[in-house]
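Note that the numbering runs from 1 along the sequence shown for the chain.
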Amino acid sequence: MNFKWFGPIALLAALVIGDQIRINRPAHKYRLTLEVETPEGRKSASSVVAVHPDRSYTRRGQTRTLGDAVFVDLGQGKNLVALLAHVDGKLVLDDVNYVALRAYNAAAGKRVPFSEMSRLTGIVPVKGELVPVLVTFADPAAPGRARAVAPDDAEAMLGKGYRLQAISAEVVPNGYWPLDFGGALGEPVTRGIQAKLPWLSGAGDSAATALRAAGLPGVEGIDAREVFTRK
């Protein structure tokens with residue numbers, strides 16, 4: 001066996017792997033948590049998402065978020081879902097990239113650089129225009145039974161005694177992509193929304209059906225699945 005090329009090939013492989021890690025490692029991750037007061041007490045759920053700037057060679061400068069919407073099981077057959085979207089005249093998918101950044105800015109009362117986000121600690125409130133679109137499903141297996149929920153009037157859709165208590169963001173350890181499986185390796189991105197909303201796993205436009213049923217604007221101009229999950 002000729003080992004003459006082993007060294008150069010190993011070096012090239014290390015460079016390629018290192019470059020892929022540089023490109024694909026998230027800039028930061030954050031946990032979005034919803035807390036809801038119910039007649040049975042406080043219920044909560046959270047989802048960790050990863051924010052990725054464009055470090056590739058395309059120079060398109062597109063930041064993207066990977067992760068799932070937050071599904072809170074409220075008991076009594078009720079639920080509340082925080083989507084990966086906001087509304088500004090129409091559904092907007094990109095604002096979720098900056099929820100944590102803007103929440104920490106608001107809490108600190110000053111500008112926090114995007115490049116410094118992974119070093120931040122603490123839990124900050126998510127308020128006002130930073131609150132993502134909230135919906136509820138009378139039947140999670142039926143996308144056509146989605147309804148929008150106003151953050152300041154959850155009772156209107158969920159019933160008496162239901163109130164959105166708080167939404168918060170917390171930067172979590174980035175870890176070592178692609179080995180960020182949990183613990184010392186870093187917080188993994190949360191998955192599981194497809195188990196809660198089974199129609200997401202099927203073909204067709206069920207995600208768009210859900211958004212239309214909730215009365216959300218601009219459904220035709222987006223990939224509706226990305227409101228619920230991004231990979």
Side-chain angles (χ1 to χ4, degrees), residues 26-34 45-56 58-72 79-107 111-114 117 124-137 143-144 146-154 156-157 164 166-171 189-191 193-194 196-197 199-200 205-231:
H28 64 272
K29 297 177 182 176
Y30 70 91
R31 178 183 290 110
L32 188 69
T33 300
L34 270 68
S46 62
S47 182
V48 172
V49 299
V51 180
H52 294 254
D54 182 6
R55 301 190 187 98
S56 69
T58 63
R59 298 188 181 277
R60 288 178 294 183
Q62 294 178 332
T63 298
R64 60 195 179 105
T65 292
L66 305 183
D68 282 1
V70 185
F71 185 104
V72 189
N79 55 76
L80 184 65
V81 185
L83 303 178
L84 301 174
H86 294 74
V87 171
D88 184 7
K90 61 181 181 179
L91 279 168
V92 178
L93 301 184
D94 289 343
D95 283 1
V96 71
N97 301 330
Y98 309 106
V99 166
L101 174 67
R102 291 165 179 167
Y104 276 89
N105 282 343
R111 181 180 177 276
V112 177
F114 183 88
M117 282 294 295
V124 295
V126 173
K127 299 179 178 179
E129 62 184 14
L130 299 182
V131 174
V133 175
L134 303 176
V135 299
T136 186
F137 290 87
R147 298 293 183 268
V149 176
D152 58 354
D153 189 15
M157 282 296 168
L164 180 62
I167 303 180
S168 62
E170 176 187 15
V171 170
V189 168
T190 302
R191 296 298 182 186
I193 192 68
Q194 292 182 354
K196 305 291 179 59
L197 304 174
W199 39 266
L200 277 173
D205 61 351
S206 295
T209 297
L211 301 180
R212 293 189 189 101
L216 299 173
V219 177
E220 289 72 19
I222 63 169
D223 181 346
R225 281 180 57 84
E226 291 199 343
V227 172
F228 297 93
T229 182
R230 302 188 196 177
K231 298 180 179 180

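Under the 4.5 Å side-chain criterion, counting only non-hydrogen atoms from C-beta, Ser168 is in contact with Thr33. Within the 4.5 Å cutoff, no side-chain heavy atoms of Phe228 are placed close to those of Gln194. Using a 4.5 Å heavy-atom threshold, the side chains of Met117 and Val171 count as touching. Using a 4.5 Å heavy-atom threshold, the side chains of Leu80 and Leu164 count as touching. In this structure, the side chains of Leu134 and Pro151 come closer than 4.5 Å at one or more pairs of heavy atoms. Side-chain contact between Asp94 and Gln62 is absent, with no heavy-atom pair separated by less than 4.5 Å. Looking at Arg230 and Val49, their side chains never come closer than 4.5 Å, going by heavy atoms from C-beta outward. Side chains of Thr190 and Ser46 form no contact here, defined as non-hydrogen atoms less than 4.5 Å apart.
Closest heavy-atom contact between Ala207 and Leu200: CB-CD2, 4.3 Å. Closest non-hydrogen pair, Leu66 versus Val189, comes out as O-CG1, 3.7 Å. The shortest non-hydrogen separation linking Ala27 to Pro53 is CB-CD, 3.5 Å. Closest of all the heavy-atom pairs between Lys196 and Phe71 is CB-CD1, 3.8 Å. The nearest pair of heavy atoms linking Arg147 to Ala213 is NH1-O, 3.6 Å. Closest approach of Ala69 and Ile193 over heavy atoms only: O-CD1, 3.9 Å.
One finds the CD atom of Glu226 at 10.0 Å from the CZ atom of Arg64 (value rounded to the nearest 0.5 Å). For the atom pair Tyr30 OH and Thr65 OG1, the distance stands at 5.5 Å (nearest 0.5 Å). For the atom pair Leu216 CG and Leu83 CG, the distance stands at 7.0 Å (nearest 0.5 Å). A distance of 8.5 Å separates CZ in Arg102 from CG in Asn97, rounded to the nearest 0.5 Å. The distance from atom NE2 of His52 to atom NZ of Lys29, rounded to the nearest 0.5 Å, is 7.5 Å. Note that the OG1 atom of Thr136 and the CG atom of Asn79 stand 4.0 Å from one another [nearest 0.5 Å].
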### Query
Yes or no on side chain to side chain contact (heavy atoms under 4.5 Å, CB included) for Val70 and Ile167, after CA distance, side-chain angles and deciding distance?
CA-CA 11 Å; Val70 185; Ile167 303 180; over 6 Å; no
### Task
Apply side chain to side chain contact (heavy atoms under 4.5 Å, CB included) to the pair Leu93 and Leu84, showing each step before the final yes or no.
CA-CA 7 Å; Leu93 301 184; Leu84 301 174; over 6 Å; no
### Message
Let's go through Val99 and His86 carefully: what are the C-alpha distance in whole Å and the side-chain angles of both, what is the deciding distance for side chain to side chain contact (heavy atoms under 4.5 Å, CB included) to 0.1 Å, and is it a yes or a no?
### Response
CA-CA 10 Å; Val99 166; His86 294 74; 3.6 Å; yes
### Intermediate values then yes/no, side chain to side chain contact (heavy atoms under 4.5 Å, CB included), Leu211 and Ile222
CA-CA 11 Å; Leu211 301 180; Ile222 63 169; 4.2 Å; yes
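Atom CG of Asp223 is surrounded by more than 12 heavy atoms from other residues, nucleotides or ligands within 6.0 Å.
Ring planes of Trp199 and Phe137: tilted class, angle from 30 to 60°.
Under the 4.0 Å criterion applied to side-chain N and carboxylate O atoms, Glu220 and Arg212 are assigned as salt-bridge partners.
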